[in-house]
Amino acid sequence: MNELPPRFIFNDIEPNWCSLWENTNIFHGSANPAKKPYSIVIPPPNVTGILHMGHALNNTLQDIIIRYKRMQGHETCWMPGTDHAGIATQNVVERQLAQEGKTRYDIGREEMLARLWKWKEEYGGTIINQLKKLGSSCDWARTRFTMDDDYSDAVKEVFVRLYEKGLIYRGRYIINWCPRCQTALSDEEAEHREQQGALYYIRYPLKNDAGQYVIVATTRPETMLGDTAVAVHPEDPRYQHLIGQTITLPIIKRDIPVVADAFVDPAFGTGAVKVTPAHDPNDFEIGTRHKLAFVNIMHADAVLNEAAGDFSGLDRFEAREAIIETLKELKLLEKVEPHTHAVGHCYRCHTVVEPYLSQQWFVKMKPLAEPAVQAVREGKIKFTPERWTKVYLNWMENIRDWCISRQIWWGHRIPVWYCQDCEEGQNIIVSKTTPASCPRCQSSRLIQDEDVLDTWFSSWLWPFATFGWPRQGETTDDQINEVNNDLSFFYPTKALFTASEIIFFWVARMIMAGLEFMGEIPFSDVYIHGTVRDAQGRKMSKSLGNAIDPLEIIKEYGADALRFSLIINSGQDLYISKEKFEIGRNFANKIWNACRLVLLNIPPEKRDPEFFQTLEKEQMDLPSRWILSRFYTTLSHVSQAIETYRFSEAENLIYEFFWKNYCDWYLEINKANFNNAGISSIIFFILEQSIHLIHPFMPFVTEEIWDQIKRNPKPLSVQAWPGHGPQWEDQKAEDDMQLLIDLITDIRNVRAQWRIKPQQEIDCFLSSQDETQTALLQDNASLLKTSLKIRNLQIAESLPKNEGNSTGVVKNVTFAIPLGNIIDVHEEQLRLQKQHAEIEKLILNLTKRLQNDSFIQKAPADVVEKEKNRLQELENKQQDIKKLLASLG
RNA sequence: GGGCGCAUAGCUCAGCCGGUUAGAGUGCUGCCCUCACAUGGCAGAGGUCGAAGGUUCGAGUCCUUCUGUGCCCACCA
């Protein structure tokens with residue numbers, strides 16, 4: 001045991017535990033009717049992902065609770081895996097291609113998919129390995145990918161079922177289009193950011209009234225090339241005469257009508273709106289209502305097309321400039337006002353998205369949302385913190401249809417075929433497998449839809465597709481049976497941990513899918529943790545260069561340090577700088593060194609954590625009764641905190657107990673008492689139990705210590721959580737010990753004040769009017785003597801005459817330290833006077849309160865009682881201080 | 001434009017149901033390299049709990065308004 005180093009060498013130790021845990025498969029869970037299930041599913045990181053602080057926080061939280069539940073004897077399963085991340089992954093491989101000077105169209109779909117899979121095989125495991133380094137106790141053997149064969153099967157099954165139910169439809173609508181990725185995006189995938197733009201006021205001349213014009217205002221003047229009407233509010237008095245008139249659209253010279261539509265807000269701009277049905281969602285509505293023409297002026301890459309006349313070939317932003325110039329020349333630009341507005345950006349490549357008219361597949365959301373709203377309203381699913389409930393409900397109640405088709409190649413291809421020999425609109429075949437012929441006309445000229453599904457259309461099945469759905473019940477072979485058991489055993493899962501940004505993308509949709517396909521909620525608790533930011537409050541990002549790499553922290557401070565530090569700061573959003581991780585590093589080191597002290601002083605044959613339990617509690621000394629009480633109250637508070645998802649509080653309790661109680665007091669007091677069988681039994685017991693308590697938070701250092709202790713061949717990860725010990729909880733012991741601690745602290749203060757050398761011994765007189773207190777002091781005389789380096793300790797009814805004593809009062813105990821001529825009487829007086837004044841103030845306030853009839857009548861009796869006792873105590877103390885002052889002369 | 005947070009020691013934050021003298025970490029000051037740990041020990045200084053009202057016997061804690069700050073949602077072109 002002598003080779004235990006004085007530092008916790010995490011770099012050597014952590015990888016060993018990672019591989020041992022994984023190789024022994026101890027985190028594997030399977031249907032086990034003898035135990036209660038506890039399951040969570042990981043929010044699958046993108047295969048393109050590399051571990052950032054958000055992942056580290058998210059996964060540490062999950063690991064804490066799953067380790068805790070595992071130790072409590074649940075059959076646990078933490079399902080790991082990755083998400084194929086359609087657009088993100090395709091972008092990565094497209095960038096590789098670009099270096100070869102190629103695009104995906106150059107190499108074709110098949111070759112591109114081959115490259116994508118190759119990339120996935122090569123790099124897709126990166127983040128999983130990084131999660132392992134964190135200590136995540138996932139059921140690694142189960143690791144799933146959202147494009148695994150059976151997972152794809154689930155996705156197709158879902159598409160077919162929804163289609164057959166009439167909840168999936170195809171249609172031409174305005175969607176968010178990313179001109180760079182050249183695909184449709186859902187509303188959630190368009191991130192709106194405030195931007196400084198301009199509002200352009202343009203004159204639109206009336207056709208039959210030379211010189212007259214209407215002024216319209218727009219932020220995107222280039223879209224005027226696609227205008228097919230001008231709209232005004234039907235009751236706007238300014239424009240009554242215009243309704244039904246014709247306008248000649250400048251530049252393009254198209255005749256367009258003025259229509260009346262209640263959508264128009266008369267207060268905004270000029271109250272007249274240009275209508276571009278093919279390039280704006282509202283205009284699309286107006287266009288539909290008034291049967292206007294839909295003129296698309298852009299190619300898929302946002303370059304203007306032939307419909308733009310002279311401007312065709314220009315990019316949309318170039319066209320904007322050109323149009324403005326032209327309008328100026330034509331004297332049709334009335335004015336330009338600065339205008340800030342929210343502009344949508346692609347959440348993957350940050351290009352400004354274009355509202356674009358195209359044919360896409362949609363999911364009708366209202367019918368799915370209703371039960372999902374219900375489940376949350378009825379409290380079947382609870383959000384923590386609770387306030388996110390409202391955010392969820394608000395979104396769900398205003399939910400819009402979900403555009404699920406993407407014009408990319410990496411993903412689940414839409415299971416739809418079009419018959420070339422059937423009429424448009426009647427030619428759709430939806431099928432899980434490739435159909436041989438058209439069921440209507442038997443033609444075999446079928447073409448599969450080119451598009452793939454939104455990545456989230458597979459992610460939303462994660463809680464049950466990962467457990468084998470939908471093969472459940474389809475066959476009876478043994479392997480499938482096991483799958484079936486897993487699904488019914490582990491579904492629904494218990495808790496979901498994620499960040500607030502993901503509520504709409506994923507959480508809400510999983511709830512809908514769970515209810516729709518499993519008939520049951522996917523999880524009962526949703527824990528929303530804070531965002532990790534840098535010290536200035538900015539989001540951590542690679543482009544800002546302010547990111548702290550969790551892997552760097554693991555290398556420098558250890559995974560335990562990373563985990564502990566993140567969690568202790570996780571009460572709200574986290575503002576992280578490197579120094580924040582020192583607390584975890586220092587604590588891990590402290591635990592390690594406490595272990596060294598204990599192991600170096602108690603040889604293996606003498607390690608007996610059961611021995612003390614054969615002793616009568618009354619025979620134990622105060623510090624022992626105190627530390628046992630502290631341990632068991634801490635244990636129950638920590639358990640409670642974890643159960644209610646108050647993780648930072650749990651860590652605070654542990655930190656306080658282990659460091660401040662166990663190390664600073666119990667071990668310090670008993671350093672010389674290792675040969676006492678009772679004491680060393682307790683020292684060992686508390687150490688051993690503490691590492692159980694700490695293990696979910698800091699698995700590596702505790703596992704290593706457990707290994708050093710060698711009490712049981714199985715890893716600490718699968719040991720039992722400590723049982724409760726109400727018989728050891730002892731408030732009296734805690735109070736008594738606190739008195740001694742306060743007394744010792746005060747006397748040390750005196751030593752420090754008068755510059756008494758640490759090694760110098762002193763004499764000390766103690767006195768108390770209270771018999772039980774006197775007894776307490778006498779019983780613990782040796783503790784006081786060693787803690788304070790006291791040569792002669794005298795406990796008497798009164799203090800000796802003051803001849804150069806420094807004195808003080810703690811509760812009802814007075815003390816005097818004879819120091820002779822080093823005492824400056826004046827300073828000593830000042831110190832006591834200051835104390836006296838403080839107490840005077842307290843007494844005054846308290847007396848006032850106790851004299852208030854309302855307080856006596858209305859406050860609870862125990863509060864009044866407490867206050868009375870406190871007043872009594874303060875008055876005694878004041879008397880004591882007066883005496884001490886008098887003795888100074 | 002709506003909605004939601006946050007504001008407590010120099011800094012970062014705890015403070016659950018309103019009830020003793022508001023806590024911790026870090027930083028700062030002083031003393032200690034005492035044979036587990038200087039990533040340590042002991043002791044200390046430091047707060048009118050953002051502002052103003054209100055409810056209450058009693059408010060950091062509940063209510064209202066305001067100020068500052070952060071986030072989310074939204075089809076005012």
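These numbers were taken from a predicted model, which means no experiment stands behind them.
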> If I take atom CD in residue A:E865 and atom C1' in nucleotide B:C57, what distance separates them, rounded to the nearest angstrom?
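After rounding, the gap between these two atoms is 17 Å.
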
> Are A:F587 and A:Y655 close enough that their ring centers fall under 6.0 Å?
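Yes; A:Y655 has its ring centre under 6.0 Å from that of A:F587.
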
> Closest nucleotide of RNA chain B for A:R755 versus for A:W395: which of these residues is on the 5' side?
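Residue closer to the 5' terminus by nearest nucleotide: A:R755.
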
> Between A:E867 and A:R870 (salt bridge meaning N to carboxylate O under 4.0 Å), is one present in this structure?
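Salt bridge between A:E867 and A:R870, a charged N being under 4.0 Å from a carboxylate O: yes.
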
> Which residues pass the salt bridge (charged side-chain N to carboxylate O under 4.0 Å, His left out) test with A:E579, not counting sequence neighbours?
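None.
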
> Between A:D280 and A:R220 (salt bridge meaning N to carboxylate O under 4.0 Å), is one present in this structure?
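Yes.
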
> What distance, rounded to whole Å, do you find between the two P atoms, one in B:G23 and one in B:C6?
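Taking atom P in both B:G23 and B:C6, they lie 23 Å apart.
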
> Any Lys/Arg nitrogen of A:R289 or A:D261 sitting under 4.0 Å from an Asp/Glu carboxylate oxygen of the other?
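Between A:D261 and A:R289 there is a salt bridge, with a charged N closer than 4.0 Å to a carboxylate O.
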
> Taking the six-membered ring for Trp, are the ring centroids of A:F564 and A:F697 within less than 6.0 Å of each other?
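Centroid separation for A:F564 and A:F697: 6.0 Å or greater.
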
> For B:A52 and B:G60, measure between their P atoms and round to the nearest Å.
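That atom pair is separated by 13 Å.
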
> Taking the side chain as everything from C-beta on, heavy atoms only, tell me whether A:L249 gets closer than 4.5 Å to A:M224.
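Result yes, sub-4.5 Å side-chain heavy-atom pair found.
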
> Taking atom C1' of B:G25 as reference, at what distance in whole Å does atom CZ of A:F581 sit?
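In whole Å, B:G25 C1' lies 15 Å from A:F581 CZ.
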
> Which of these nucleotides, B:A77, B:G30, B:A36, is closest to any side-chain atom of A:K274?
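Closest nucleotide among those given: B:A77.
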
> How far does the P atom of B:U12 sit from the matching atom of B:G50, given to the nearest Å?
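Here B:U12 and B:G50 have their P atoms 14 Å from each other.
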
> When the C1' atoms of B:U65 and B:G27 are considered, how many whole Å apart are they?
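So the two C1' atoms sit 37 Å from each other.
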
> Sticking with atom C1', work out how far B:A14 lies from B:A51, rounded to a whole angstrom.
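Approximately 24 Å lies between the C1' atom of B:A14 and that of B:A51.
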
> Hey, is the main chain of A:F658 close enough, under 3.5 Å, to the side chain of A:R630 for a donor-acceptor pair?
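No, A:R630 side chain to A:F658 backbone: no donor-acceptor pair under 3.5 Å.
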
> Taking B:A74 as the reference, what is the distance to B:U55 when you measure between their P atoms (whole Å, please)?
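Those two atoms are separated by 42 Å.
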
> Taking atom C1' of B:G30 as reference, at what distance in whole Å does atom CD1 of A:I756 sit?
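Atom-to-atom, A:I756 to B:G30, this comes out as 15 Å.
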
> Do the side chains of A:K580 and A:E582 get close enough for a salt bridge, i.e. N-O under 4.0 angstrom?
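Looking at A:E582 together with A:K580, the answer is no, because their closest N to O distance does not fall below 4.0 Å.
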
> Could you state the NE2-P distance from A:H192 to B:C75, rounded to the nearest angstrom?
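It works out to 6 Å between those atoms.
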
> Give me the distance, rounded to whole Å, that separates B:U61 from B:G25 when you measure between the P atoms they each carry.
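Between the two P atoms, the distance is 25 Å.
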
> Give me the stems containing RNA chain B, sorted by first residue, counting only three or more consecutive Watson-Crick or G-U pairs with both distances under 3.5 Å; say none if there aren't any.
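RNA chain B forms these stems: B:1-7 with B:67-73, B:10-13 with B:23-26, B:28-32 with B:40-44, B:50-54 with B:62-66.
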
> Do the two ring centres, one from A:F383 and one from A:W388, sit under 6.0 Å apart?
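That pair fails the under 6.0 Å test.
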
> For B:A77, take OP1 and OP2 only and decide whether either is under 4.0 Å from a side-chain N or O of A:H339.
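It does, given that an N or O in the side chain of A:H339 lies less than 4.0 Å from OP1 or OP2 of B:A77.
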
> Report the residues that fulfil salt bridge (charged side-chain N to carboxylate O under 4.0 Å, His left out) with A:R316, sequence neighbours left out, ordered by chain and then residue number.
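Expected list: A:E354.
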
> Can you tell me how far P of B:A24 sits from CZ of A:F564, to the nearest Å?
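It works out to 16 Å between those atoms.
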
> Could you please spell out the steps behind the side-chain contact (heavy atoms from CB on, under 4.5 Å) verdict for A:E189 and A:S186?
CA-CA 5 Å; A:E189 288 169 324; A:S186 67; 3.3 Å; yes

> Across nucleotides 4-22 of chain B, 5' to 3', mark each nucleotide with B, S or - according to how protein heavy atoms within less than 4.0 Å reach it.
SS------SSS----BBS-

> Check every strand shown and say whether A:F8 touches a base, only sugar-phosphate, or nothing at a heavy-atom separation below 4.0 Å.
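A:F8: no heavy atom of the nucleic acid under 4.0 Å.
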
> Using the P atom as the point on both nucleotides, what is the distance between B:G41 and B:C33, in whole Å?
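Straight-line distance between the two P atoms is 16 Å.
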
> If I take atom OH in residue A:Y557 and atom P in nucleotide B:U26, what distance separates them, rounded to the nearest angstrom?
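From A:Y557 OH to B:U26 P: 13 Å.
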
> So, does A:N749 get its side chain near the phosphate of B:G44, meaning an N or O under 4.0 Å from OP1 or OP2?
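Yes, because at least one side-chain N or O of A:N749 sits under 4.0 Å from OP1 or OP2 of B:G44.
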
> From B:A77, B:G30, B:C32, pick the nucleotide closest to the side chain of A:P758?
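Closest nucleotide among those given: B:C32.
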
> A:I576 CD1 to B:G25 C1': how many Å, rounded?
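My rounded result for the distance is 13 Å.
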
> Return the set of residues passing ring-ring contact (aromatic ring centres under 6.0 Å, His included) with A:F674 (not counting sequence neighbours), or none when no residue passes.
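For A:F674 there are no ring-ring contact (aromatic ring centres under 6.0 Å, His included) partners, ignoring immediate neighbours.
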
> Touch check for A:A342, heavy atoms < 4.0 angstrom, all strands: base, sugar-phosphate only, or nothing?
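A:A342: base contact, heavy atoms under 4.0 Å.
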
> Syn or anti: how is B:C66 classified when any glycosidic angle within 90° of 0 counts as syn?
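What B:C66 shows is an anti base, its glycosidic angle lying more than 90° from 0.
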
> Checking contacts here: which listed nucleotide (B:C72, B:G25, B:A77) is nearest the side-chain heavy atoms of A:I583?
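Nearest to the side chain of A:I583 among the choices is B:G25.
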
> Ring centres of A:Y173 and A:Y356 under 6.0 Å apart?
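Between A:Y356 and A:Y173, which both carry aromatic rings, the centre distance is not below 6.0 Å.
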
> Report the nucleotide, chosen from B:A74, B:G25, B:A36, that has the shortest atom-to-atom distance to any side-chain atom of A:Y655.
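Output: B:G25.
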
> In whole angstrom, what separates A:E191's CD from B:A74's C1'?
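That distance rounds to 16 Å.
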
> Categorize A:E222 for me: base, sugar-phosphate, or nothing, with a 4.0 angstrom heavy-atom threshold over every strand shown.
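No contact.
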
> What does nucleotides 37-42 of chain B look like as a protein-contact string, B for base, S for sugar-phosphate only, - for none, at under 4.0 angstrom between heavy atoms?
B-BSSS

